[in-house]
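Worksheet: one structure, shown below.
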Amino acid sequence: MRVISGEYGGRRLKALDGDNTRPTTDKVKESIFNMIGPYFDGGTALDLYAGSGGLAIEAVSRGMDQGICVEKNFSAIKIIKENIEVTKEPEKFLIKKMDANKALEFLKEEKTKIDLVLLDPPYAKQEIEKQIEKMLTNDLLSEDVVIVCETDKSVNLPETIGILEKTRETTYGITQITIYK
């Protein structure tokens with residue numbers, strides 16, 4: 001696993017051993033960022049189920065100002081910290097060891113505005129629709145937000161969630177990428 005492009009392009013990232021996380025493959029990661037960017041002019045990216053932190057690191061590498069990594073697994077947090085060290089710019093990242101729903105409450109209290117949301121929850125525990133609705137209710141999303149959902153290809157997400165519309169849906173093997181704007 002590596003950073004595909006941008007400032008940190010080519011740097012190797014670690015993944016968590018075992019079945020606790022399911023890192024996005026380099027091929028899928030590259031496709032996601034080609035669909036939504038591929039580069040950014042600032043902003044904040046939220047990786048709500050960060051795993052190894054690879055998606056947030058990729059977003060910052062491609063021009064986001066800050067990457068927020070939310071993860072509740074202690075071993076994954078350790079890997080995220082090691083991967084962020086590879087960037088040599090740890091100040092561009094915020095790591096929160098907490099449940100995704102608690103993190104949304106924390107971000108509301110901090111009055112954080114998110115420009116890019118990366119949702120890659122464990123396939124068996126998906127609350128994507130509910131969490132996007134909570135982000136809308138909590139006024140966390142910028143006007144031009146892009147939300148990327150990575151799910152099993154059998155998951156059928158709605159055409160709209162609140163004011164957000166599905167703009168793209170693509171399948172890569174068993175993985176489905178759905179984008180809302």
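Along the sequence shown, the residues carry numbers beginning at 1.
No path of Ile, Leu, Val, Met, Phe, Trp and Tyr side chains, each step under 4.5 Å between heavy atoms, connects Leu136 with Val148, placing them in separate hydrophobic clusters. Under the 4.5 Å side-chain heavy-atom criterion for Ile, Leu, Val, Met, Phe, Trp and Tyr, Phe40 and Leu140 are members of distinct hydrophobic clusters. Under a hydrophobic-cluster definition in which Ile, Leu, Val, Met, Phe, Trp and Tyr are linked whenever side-chain heavy atoms come within less than 4.5 Å, directly or via other members, Ile161 and Val146 are assigned to different clusters. Leu104 is connected to Ile163 through a chain of hydrophobic side-chain contacts under 4.5 Å among Ile, Leu, Val, Met, Phe, Trp and Tyr, so both are in one cluster. Hydrophobic clustering (ILVMFWY, side-chain heavy atoms < 4.5 Å, transitive): Met64 and Leu94 are in distinct clusters.
Not counting sequence neighbours, the partners of Asp26 by the side-chain contact (heavy atoms from CB on, under 4.5 Å) test are Met1, Arg2, Ile4, Lys29. Taking the side-chain contact (heavy atoms from CB on, under 4.5 Å) definition, one finds that Glu89 meets it with Glu7, Tyr8, Thr87, Glu91, Lys92, sequence neighbours left out. Scored by the side-chain contact (heavy atoms from CB on, under 4.5 Å) test, Val145 finds Val117, Leu141, Ser142, Ile147, Leu164 as partners (sequence neighbours excluded). Listed by chain and number, the residues in a side-chain contact (heavy atoms from CB on, under 4.5 Å) with Lys113 are Asp139 (sequence neighbours excluded).
The side-chain heavy atoms of Asp65 and Thr44, taken from C-beta on, include no pair separated by under 4.5 Å. Counting only heavy atoms from C-beta outward, the side chains of Ile179 and Glu169 never approach each other to under 4.5 Å. Residues Leu48 and Leu118 form no side-chain contact, since every pair of their non-hydrogen atoms from C-beta on lies 4.5 Å or further apart. Annotation: side chain of Arg12 is not in contact with side chain of Val86 (no heavy-atom distance under 4.5 Å). In this structure, Gln66 and Val60 have side chains that are not in contact, with every pair of non-hydrogen atoms separated by 4.5 Å or more. Residues Leu46 and Val70 meet the side-chain proximity criterion, which asks for heavy atoms closer than 4.5 Å. Contact annotation: the side chain of Asp120 approaches that of Thr24 to within less than 4.5 Å [non-hydrogen atoms, C-beta and beyond]. Between Asp152 and Thr175, every side-chain heavy-atom pair lies at or beyond the 4.5 Å cut-off.
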Residue pair Lys88, Glu85: steps toward the salt bridge (charged side-chain N to carboxylate O under 4.0 Å, His left out) verdict: CA-CA 5 Å; Lys88 297 187 177 18; Glu85 285 303 314; over 6 Å; no
Chi angles and distances behind the side chain to side chain contact (heavy atoms under 4.5 Å, CB included) call for Ile95, Ile84: CA-CA 10 Å; Ile95 303 168; Ile84 286 172; 3.7 Å; yes
Please walk me through it: do Cys149 and Ile132 pass side chain to side chain contact (heavy atoms under 4.5 Å, CB included)? CA-CA 10 Å; Cys149 309; Ile132 292 173; 4.1 Å; yes
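Note on Arg62 versus Glu58: salt bridge recorded, some NZ/NE/NH1/NH2 to OD/OE distance being below 4.0 Å.
More than 12 heavy atoms of other residues, nucleotides or ligands lie within 6.0 Å of CD in Glu82, so this atom counts as buried by the packing criterion. The 12-atom threshold is not exceeded at CZ of Arg168, counting heavy atoms of other residues, nucleotides or ligands nearer than 6.0 Å. By the 6.0 Å contact criterion, NZ on Lys14 is open, its count of non-hydrogen atoms from other residues, nucleotides or ligands being 12 or less.
Asn101 and Gln131 share a side-chain donor-acceptor pair at under 3.5 Å. Using modelled atom types, one finds no donor on one side chain facing an acceptor on the other under 3.5 Å when comparing Thr170 with Gln176. At a cut-off of 3.5 Å, with distance as the only test, no side-chain donor of Tyr180 or Thr160 sits close to an acceptor on the other residue.
Residue pairs meeting the salt bridge (charged side-chain N to carboxylate O under 4.0 Å, His left out) criterion with at least one member in residues 102-112, sequence neighbours excluded, are Glu105-Lys134. For residues 171-181, there are no salt bridge (charged side-chain N to carboxylate O under 4.0 Å, His left out) pairs, not counting sequence neighbours.
For the atom pair SG of Cys69 and CD1 of Ile79, the computed distance is 13.0 Å after rounding to the nearest 0.5 Å.
The main-chain N or O of Gly53 is never found under 3.5 Å from a side-chain atom of Asp47 such that the two would form a donor-acceptor pair. Side chain of Lys72 to main chain of Lys97: no donor-acceptor pair is present (N/O by atom type, distance under 3.5 Å, no hydrogens or angles). Looking only at distances, a side-chain donor or acceptor of Asn73 sits under 3.5 Å from a matching main-chain atom of Ser75. Panel note: side chain Ser61, backbone Ser5; a donor-acceptor pair is recorded below 3.5 Å. Between the side chain of Glu71 and the backbone N or O of Gly51 there is at least one donor-acceptor pair closer than 3.5 Å.
When all heavy atoms of Ile80 and Ala50 are compared, the pair lying nearest together is CD1-CB, 3.6 Å. Residues Tyr172 and Ser31 share a closest heavy-atom pair of OH-CB, 3.1 Å.
Relative to the ring axis of Phe106, Lys96 places its NZ or CZ within 45° and under 6.0 Å from the centre.
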